[in-house]
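Beneath this line is the structure, given in structure tokens, with notes to follow.
Since the model is a prediction, treat every value here as computed from it, not as a measurement.
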Amino acid sequence: MDVVIGRPIVVRAPNGVSTDDLVEDLKARFDHPKLAVWLRMLRSAGVVERPWSAPPAVTVGREGIGVRSRAAYEASRDRAVTAAQDALARSGLGPDDVDVLISQLQPPYAHRPNSKEPSP
């Protein structure tokens with residue numbers, strides 16, 4: 001049995017959304033008694049920019065959590081397919097050469113490029 005261990009392939013979401021942009025968007029769209037608490041939690045996470053699959057205006061324009069969730073799932077799936085194709089190309093293998101694929105999803109908040117602390 002041959003074992004091939006490849007380097008990680010990272011395909012990030014194409015849109016970076018800053019915490020400041022999210023805060024301003026939430027302030028403009030919501031008037032809720034707990035908004036100040038939510039914004040404080042958002043800012044205290046230490047994340048400067050989050051990768052999003054679509055720009056905020058597009059995401060907000062999708063009505064209903066089901067529609068937004070489906071769009072996010074489809075975008076994630078497309079990035080996974082791209083990563084798999086890149087991994088096969090780099091290794092010189094084809095899809096029929098693979099019996100088992102081990103994958104890891106790292107949540108976007110785990111990558112903090114502007115932090116001096118290592119990712120968890």
*Which value, rounded to the nearest 0.5 Å, describes the distance between R68 atom CZ and T59 atom OG1?*
8.5 Å
*Rounded to the nearest 0.5 Å, how far does CZ of R77 lie from OG1 of T82?*
10.5 Å
*Which heavy-atom pair separates A54 from R62 by the least distance, and what is that distance?*
CB-NH1, 3.9 Å
_Worked check of side-chain contact (heavy atoms from CB on, under 4.5 Å) between E74 and S53_ = CA-CA 9 Å; E74 290 172 355; S53 296; over 6 Å; no
*Linking I/L/V/M/F/W/Y whenever their side-chain heavy atoms sit closer than 4.5 Å, directly or via other members, would W52 and W38 fall into one cluster?*
yes
_hydrophobic_cluster_shared for L35 and L22, side chain cutoff 4.5 Å_ = yes
*Determine whether V23 and K27 make a side-chain contact, defined as any pair of heavy atoms from C-beta on separated by less than 4.5 Å.*
yes
*asked:* Do V47 and L39 land in one hydrophobic cluster if side-chain heavy atoms of ILVMFWY residues count as linked below 4.5 Å?
replied: no
_Point-to-point distance, once rounded to the nearest 0.5 Å, from CZ of F30 to CG of D25_ = 7.5 Å
*Passes side-chain contact (heavy atoms from CB on, under 4.5 Å), D21 versus E24? Steps please.*
CA-CA 5 Å; D21 288 344; E24 291 308 312; 5.8 Å; no
*Measure the spacing between CZ of R40 and NZ of K34 and express it to the nearest 0.5 Å.*
10.0 Å
*Note, L88 side chain near P95 side chain (heavy atom, < 4.5 Å)*: yes
*S18 side chain to R50 side chain, donor-acceptor N/O pair below 3.5 angstrom*: no
*At what distance, to the nearest 0.5 angstrom, does NE2 of H32 lie from CG of L26?*
12.0 Å
*Determine, using the 4.5 Å side-chain heavy-atom cutoff (strictly less than), whether V60 and V67 are members of one ILVMFWY cluster.*
no
_Within the 4.5 Å heavy-atom criterion, are T19 and R43 side-chain neighbours or not?_
yes
